[in-house]
Amino acid sequence: MHRARWITVGLLASSVLVLAMARVPATTASPEAKYVGSDKCADCHEAQYKEWLTTSHGRADKEAALLGGQAGCESCHGPGSEHVAADGEKSNPGFGTLRKLAAMPATEANAVCSTCHRTGEQFYWDHSAHARKNVACIQCHQVHGSKSPKGMLKADSDSKTCFGCHKSKKFQTSKSAHMPVREGGMECTSCHNPHGTASPNMIRAAANNELCENCHADKRGPMLWEHAPVRENCVTCHDAHGANNQKVLQAKEPFICQRCHIATRHPSTLYDTPDLASNRLFNRSCTNCHSQVHGSNHPSGKFFLR
Amino acid sequence: MNARRVFGCVAALTALWSACAYAQNYATFGGQWWTQNANEAKYQEYRDVARGGFLESFLVRENIGKDAWTFWGANALQDDQQNHLTWARGIAWSADASFTQVPHRISNVTRTPYAEVKPGVFILPDSLQRLNQAVPGNYNNIMNDLLSGSREFPMSIRTDEARASVKMRPAAGWQFQVSGLQRHRSGYKPYGVPFGFNSAIELAEPIDQRVMEGDASLRFVHADYSVQAGFGMSDFTNGVSTLRWDNPKRLTDRTSPSAYTGGDGSALGQMDLYPDNQVVRGNVAFSARLPKATFFTATFGMSQGTQNDDWLPITVNTAIPTFRADSLPGKGTDAKLTRVTMDFRLTSHPMPKLSGTLRFNDVKDDNKTPEHTFASLVRMDQVAEPGPYTNKAFGHEYRTIGVDADYEVIPQASLGATYEWRERERTHREVEKDLENVFALRGRAMPLEDVIVSANWRHGNRELDEFLSEDYENASGVFIEQPLLRRYDVANRKQDAINANAMWALNEMVDLSLDFTSLKNDYPDSYFGLGKDEQNLVMAEATLHPTQVLDVSGGFGYGTTKTDQRSRQSSAGTLDTTKVNEWNANLKDKNVYGFAGCEWWAVPKKVTVSLDYVFTRAYGEYLLKGINNTAQSLPPTLYRMHDVQVETRYRLPKLELALRYGFEEFDVVDFANENVPLLGLTAGAATAIYLGDGTQDYKAHRVAVLASKHF
């Protein structure tokens with residue numbers, strides 16, 4: 001394994017080196033065009049300008065120094081002098097010199113957004129599954145206004161935005177056992193960062209367990225007696241997006257437990273003439289007794305009974 | 001409670017009205033009447049249904065000079081309230097604060113004979129214990145009388161979460177952020193606290209858990225690179241860390257004569273609940289922009305979790321005097337787990353139509369919890385079982401190397417492929433190392449201007465390195481687990497996943513979409529355990545805008561899950577080697593999800609009538625068979641819900657008035673969770689005491705009058 005790791009690291013390092021040596025300047029707008037300022041834009045696009053002023057983009061207009069570059073409408077649309085000079089004449093070649101993000105390929109449009117949004121939530125965007133699949137920022141976000149109180153989304157909540165494409169997940173949250181996503185107590189973005197992370201499935205933690213334990217810190221341990229699959233991965237038993245079984249279990253108890261535990265003393269006759277009132281089948285089934293299934297810190301808790 | 005809500009709503013509205021006018025500001029408030037035919041609430045488990053006056057939602061945005069304020073929320077002063085406040089001064093400073101509550105209503109009909117004299121300590125009358133001990137044959141009658149007269153109380157937990165963060169940009173390229181969180185979970189939830197396997201008891205476990213977190217991060221962005229570093233701490237405190245409860249069968253301790261099945265040994269039970277724990281964490285990440293739209297990112301993270309709660313005694317059964325607290329090998333677990341993560345990613349577009357990513361991810365959980373050896377243990381405080389017993393510190397490491405490549409064949413079509421090499425190592429398991437090779441293909445096309453079709457296929461082949469059978473054996477080398485069992489989280493596995501999607505914007509009036517997903521897992525070398533599982537889902541959605549005054553939308557989804565598992569169980573203390581005792585279970589779930597909605601402008605620009613309907617149905621089958629046809633199938637289960645809402649809304653320039661009617665119906669058929677009794681009869685004369693928190697059918701009607709004021 002160590003060999004494979006070093007091969008990968010070596011590949012990464014050499015790729016970085018080769019590309020760094022071949023570094024060329026990024027392309028820029030035509031040199032003739034000049035920046036004219038957002039106030040000029042407001043002369044014709046008053047309504048859009050007023051709405052935009054209420055957004056974080058509008059607030060950034062006065063903070064060009066902090067952004068270390070251009071702010072305002074032209075930070076996205078490019079220098080506007082030729083567009084202004086066209087004076088509204090669409091036939092004038094200068095009229096169409098502004099960038100229209102909606103008409104650009106996703107990668108190019110996203111590069112415009114990435115000029116400012118490169119850290120924090122968006123730090124991993126360029127490597128994300130959404131970027132790879134050519135999802136444009138403006139498919140989810142509005143630039144001039146916002147339908148959501150936060151995040152400048154096109155829908156009024158994070159989850160509605162996600163469900164626009166991820167329909168199977170919408171289906172799963174409709175199941176009888178689910179987390180409070182459809183009630184608004186959680187959002188998809190409580191667990192996932194749609195802009196990408198350094199972890200699989202764009203989760204907001206290094207590992208599945210770390211993510212779950214953010215809210216379920218009681219199960220964080222480490223415990224004296226640990227249940228090996230619990231320590232390794234919560235989703236071995238639970239389906240976080242929704243299930244038909246209590247506690248979002250992937251199968252009903254006792255079947256979920258019996259996938260791994262055959263052993264002794266658990267009656268072979270459980271299903272011969274099913275005693276539906278038996279506490280092996282009824283109510284919480286195995287966890288009627290093994291209630292410390294997530295681990296125990298009791299000296300007698302080896303079998304998760306105490 | 002209602003008076004408090006009404007007062008709160010009025011106060012909130014007054015505050016909102018006094019805010020300066022902005023076109024998007026609004027508050028929706030009103031009153032609601034609600035009735036339901038059974039006092040149960042499965043589909044309302046995360047909601048607080050408003051009764052009487054309520055403030056449904058509000059939004060206030062205000063810009064004063066460089067300061068921008070946004071205050072918004074929902075369900076004010078209810079148990080599911082959400083309140084958010086943000087402030088920003090230009091982009092140099094911003095701050096967020098929020099307070100949210102999420103209820104989890106478990107049951108409204110729970111009953112318990114126990115009295116909680118202080119948090120976590122539950123008692124029964126001594127006279128009851130004395131009577132049951134003296135005349136065990138009358139136990140059922142006595143307990144039935146007691147339980148039927150016991151108090152009924154609603155069982156629920158609620159999570160209150162307060163968050164705050166401040167972000168500042170002190171200079172070009174620099175960002176600094178601090179954030180804090182307090183999450184408090186309180187209430188009661190059902191918990192199994194047995195004295196014997198035939199004598200299960202449920203208690204209303206008191207929950208008083210608090211998490212405090214603080215994080216700080218510093219970021220620097222340059223045109224060619226960016227760096228960020230973060231540091232944080234998390235502290236979990238359990239306000240009720242121990243449960244103590246009386247045994248209804250015994251007033252005095254003794255060693256149970258029937259091993260641990262009868263539950264008539266100790267007079268008292270004691271259980272250790274989740275221990276306090278702490279986590280300290282930090283991470284550093286570096287990202288560089290290189291030519292040809294190439295990006296390189298390196299991330300390194302580390303965290304350490306610790307836990308050292310004091311141990312409880314091995315038992316509270318005084319008839320087992322050998323095992324006192326001073327017989328323990330220490331005072332606490334002194335548990336420590338270090339997690340180290342590394343991630344490197346290189347994404348490039350070497351040619352205009354070609355992009356690719358090379359990535360490496362490593363997560364290592366190094367469990368440094370020391371081994372502790374216990375001479376004996378006492379199961380359920382009944383009978384001492386000589387050991388020795390030694391804990392194991394489970395740890396693992398996951399490594400993934402992946403390559404992704406995507407190529408735009410023509411402007412309307414692209415193809416992509418992924419290869420992943422996944423290696424997992426772990427300690428103290430029957431499989432300490434496995435390797436999975438994953439191949440994936442994907443395609444996306446726009447055959448027509450408004451049609452997008454995409455499909456993904458993924459195949460994974462996971463193979464274990466070596467199966468260590470000694471993990472299934474006891475100290476004498478005798479198998480205590482079936483040697484042909486392969487646990488599915490570490491078994492050889494072949495996995496196939498397909499996702500296909502089509503979206504068609506037919507014209508300005510019609511949008512259609514179709515989605516299909518399939519996941520198949522095959523465990524070819526697992527004779528016992530999970531053999532196969534398969535999930536399929538198809539979902540279609542449509543939105544129609546047939547006229548200027550009518551919008552219609554709807555969707556339908558159908559999903560199935562099938563699993564196949566095999567077992568051979570034994571009631572004896574030795575492993576069953578008899579093939580005829582094997583049984584096989586096919587579990588099948590069929591799910592239906594449908595929704596429909598329409599909005600009709602009955603009077604253009606004035607009056608709308610809207611309808612929303614949601615239907616879900618989950619049907620489960622549990623088909624069993626044995627070699628001798630002795631294993632019998634279990635009854636099927638069904639969960640079904642209809643939810644309808646009709647609303648008519650009258651719109652004035654700055655005011656909307658609405659009348660809303662809703663109906664929901666919930667049906668359940670579930671042998672395990674429907675109408676749970678208070679006293680459960682099991683094999684023989686043994687008994688179980690439940691809380692009666694089962695799921696029930698119900699129908700509910702609600703009528704609400706609402707006003708939305710825009711200001």
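Note that the coordinates shown come from a computational prediction; the quantities given were computed from them, not determined experimentally. Numbered from 1 within each chain, the chains take letters A, B, ... in sequence-line order.
At a 4.5 Å heavy-atom cutoff, the contact between B:Val221 and chain A is made by side-chain atoms alone. Using a 4.5 Å cut-off between heavy atoms, B:Phe236 contacts chain A through both its backbone and its side chain. Interface residue B:Ser567: backbone and side-chain heavy atoms are both found under 4.5 Å from chain A. In this structure, chain A has a heavy atom under 4.5 Å from the side chain of B:Asn361, while its backbone stays farther away. Both the backbone and the side chain of B:Met380 come within less than 4.5 Å of a heavy atom in chain A. Interface remark: A:Ser146 contributes backbone and side-chain atoms alike to the contact with chain B (heavy atom separation under 4.5 Å). Heavy atoms closer than 4.5 Å to chain A are found in the side chain of B:Leu624, but not in its backbone. Of the two parts of B:Ser355, neither the backbone nor the side chain holds a non-hydrogen atom closer than 4.5 Å to a non-hydrogen atom of chain A. The contact between B:Thr517 and chain A is made entirely by side chain atoms (from C-beta outward), counting heavy-atom distances below 4.5 Å. When heavy atoms are compared at a cutoff of 4.5 Å, A:Ser114 approaches chain B by way of both its backbone and its side chain. At a 4.5 Å heavy-atom cutoff, the contact between A:His261 and chain B is made by backbone and side-chain atoms alike. No part of B:Asn238 comes within reach of chain A, as not one of its non-hydrogen atoms sits under 4.5 angstrom from that chain. Of the two parts of B:Ala74, neither the backbone nor the side chain holds a non-hydrogen atom closer than 4.5 Å to a non-hydrogen atom of chain A. Proximity to chain B (any heavy atom under 4.5 Å) is restricted, for A:Ser199, to the backbone atoms N, CA, C and O. Contacts between A:Met223 and chain B at a heavy-atom distance below 4.5 Å involve backbone atoms as well as side-chain atoms. Residue contact with chain B, scored on non-hydrogen atoms closer than 4.5 Å, involves the side chain of A:Gln246 exclusively. Contact annotation for B:Leu337: both backbone and side-chain heavy atoms come within less than 4.5 Å of a heavy atom of chain A. Contact annotation for A:Ala228: both backbone and side-chain heavy atoms come within less than 4.5 Å of a heavy atom of chain B. Both the backbone and the side chain of B:Asn277 come within less than 4.5 Å of a heavy atom of chain A. At a 4.5 Å heavy-atom cutoff, the contact between B:Arg169 and chain A is made by backbone and side-chain atoms alike. When heavy atoms are compared at a cutoff of 4.5 Å, A:Ser296 does not approach chain B at all. The contact between B:Ser287 and chain A is made by backbone and side chain atoms together, counting heavy-atom distances below 4.5 Å.
Ring geometry, A:Phe171 versus B:Tyr593: the interplanar angle exceeds 60°, so the pair is classed perpendicular (tilted spans 30 to 60°).
Taking B:Val102, B:Thr341, B:Leu530 one by one and counting their heavy-atom pairs under 4.5 Å with chain A, the maximum is reached by B:Leu530. Between chain A and the options B:Thr637, B:Asp365, B:Val279, B:Asn499, the largest number of non-hydrogen pairs under 4.5 Å is found for B:Val279. Highest contact tally toward chain A, considering only B:Leu485, B:Thr70, B:Thr357, B:Val363, is held by B:Leu485 [criterion: heavy-atom pairs under 4.5 Å]. Ranking B:Glu541, B:His104, B:Gln175, B:Gln177 against chain A, the residue ahead of the rest is B:Glu541, based on heavy-atom pairs under 4.5 Å. Ranked by heavy-atom pairs shorter than 4.5 Å toward chain A, the options B:Lys336, B:His84, B:Gln209, B:His372 are led by B:Gln209. Chain A forms the most heavy-atom pairs under 4.5 Å with one residue out of B:Gly529, B:Ala200, B:Gly90, and that residue is B:Gly90.
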### Message
Show, in sequence, the C-alpha distance, side-chain angles and deciding distance for B:Phe394 and A:Trp225, and conclude whether the ring-ring contact (aromatic ring centres under 6.0 Å, His included) test is met.
### Response
CA-CA 10 Å; B:Phe394 295 107; A:Trp225 304 106; over 10 Å; no
### Task
With salt bridge (Lys or Arg N to Asp or Glu O under 4.0 Å) as the test, would you mind laying out the steps for B:Asp272 and A:Arg306 before giving the verdict?
CA-CA 6 Å; B:Asp272 198 7; A:Arg306 284 286 185 267; over 6 Å; no
### Message
Please determine whether salt bridge (Lys or Arg N to Asp or Glu O under 4.0 Å) holds for the pair A:Glu226 and B:Lys392, giving the CA-CA distance in whole Å, both sets of side-chain angles, and the decisive distance to 0.1 Å.
### Response
CA-CA 7 Å; A:Glu226 299 224 298; B:Lys392 292 176 180 173; over 6 Å; no
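Minimum interatomic distance between A:Arg280 and B:Phe197 (heavy atoms only, all atoms of both residues): NH1-O, 3.2 Å. Considering all non-hydrogen atoms of both residues, B:Leu537 and A:Ser168 come closest at CD2-CB, 3.2 Å. Nearest heavy atom pair, residue A:Asn244 against residue B:Ala618, reads OD1-CB, 3.4 Å. The shortest non-hydrogen separation linking B:Ser303 to A:Glu210 is OG-OE1, 4.3 Å. When all heavy atoms are compared, the tightest approach of B:Arg183 to A:Cys215 is NH1-CA, 3.7 Å. The two residues B:Gly192 and A:Ser291 make their nearest non-hydrogen contact at O-OG, 2.7 Å.
Side chains of A:Gln292 and B:Tyr191: a donor-acceptor N/O pair is present below 3.5 angstrom, by distance only. Side chain to side chain, B:Thr299 and A:Tyr124 meet the donor-acceptor criterion of an N or O pair below 3.5 Å. Defined by atom type and a distance below 3.5 Å, a donor-acceptor pair is present between the side-chain atoms of A:His127 and B:Thr297. Side chain to side chain, B:Tyr488 and A:Gln250 fail the donor-acceptor criterion of an N or O pair below 3.5 Å.
A search for side-chain contact (heavy atoms from CB on, under 4.5 Å) contacts involving B:Pro190 returns A:Arg284, B:Ile106, B:Met155, B:Glu202, B:Leu691, B:Asp693, not counting sequence neighbours. With sequence neighbours left out, the side-chain contact (heavy atoms from CB on, under 4.5 Å) criterion links B:Thr369 to A:Pro222, B:Thr333, B:Ala335, B:Asn367, B:Asn391, B:Ala393.
Other residues, nucleotides and ligands contribute at most 12 non-hydrogen atoms within 6.0 Å of the NZ atom of A:Lys150.
To the nearest 0.5 angstrom, A:His298 atom NE2 is 5.0 Å from B:Leu312 atom CG. A distance of 9.5 Å separates CE in A:Met186 from OH in B:Tyr46, rounded to the nearest 0.5 Å. The line from CD1 of A:Ile262 to CG of B:Asn581 is 12.0 Å long, rounded to the nearest 0.5 Å. Here the CG atom belonging to B:Asp489 is positioned 8.0 Å from the SG atom belonging to A:Cys237, to the nearest 0.5 angstrom. To the nearest 0.5 Å, atoms CG (A:Asp126) and CZ (B:Phe295) are separated by 3.5 Å.
Taking the six-membered ring wherever Trp is involved, the centroid distance between the rings of A:Phe282 and B:Tyr690 falls below 6.0 Å.
Although no hydrogens or angles enter the test, the distance criterion places a donor-acceptor pair under 3.5 Å between the side chain of B:Arg487 and the main chain of A:Cys260. Within the 3.5 Å criterion, the main-chain N or O of A:Ser300 finds no donor-acceptor partner in the side chain of B:Tyr389. The main-chain N or O of A:Gly184 is found under 3.5 Å from a side-chain atom of B:Gln82 such that the two form a donor-acceptor pair.
Checking B:Ile314, B:Val378, B:Thr315 one by one against A:Pro299, the side chain to side chain contact (heavy atoms under 4.5 Å, CB included) holds for a single residue, B:Ile314.
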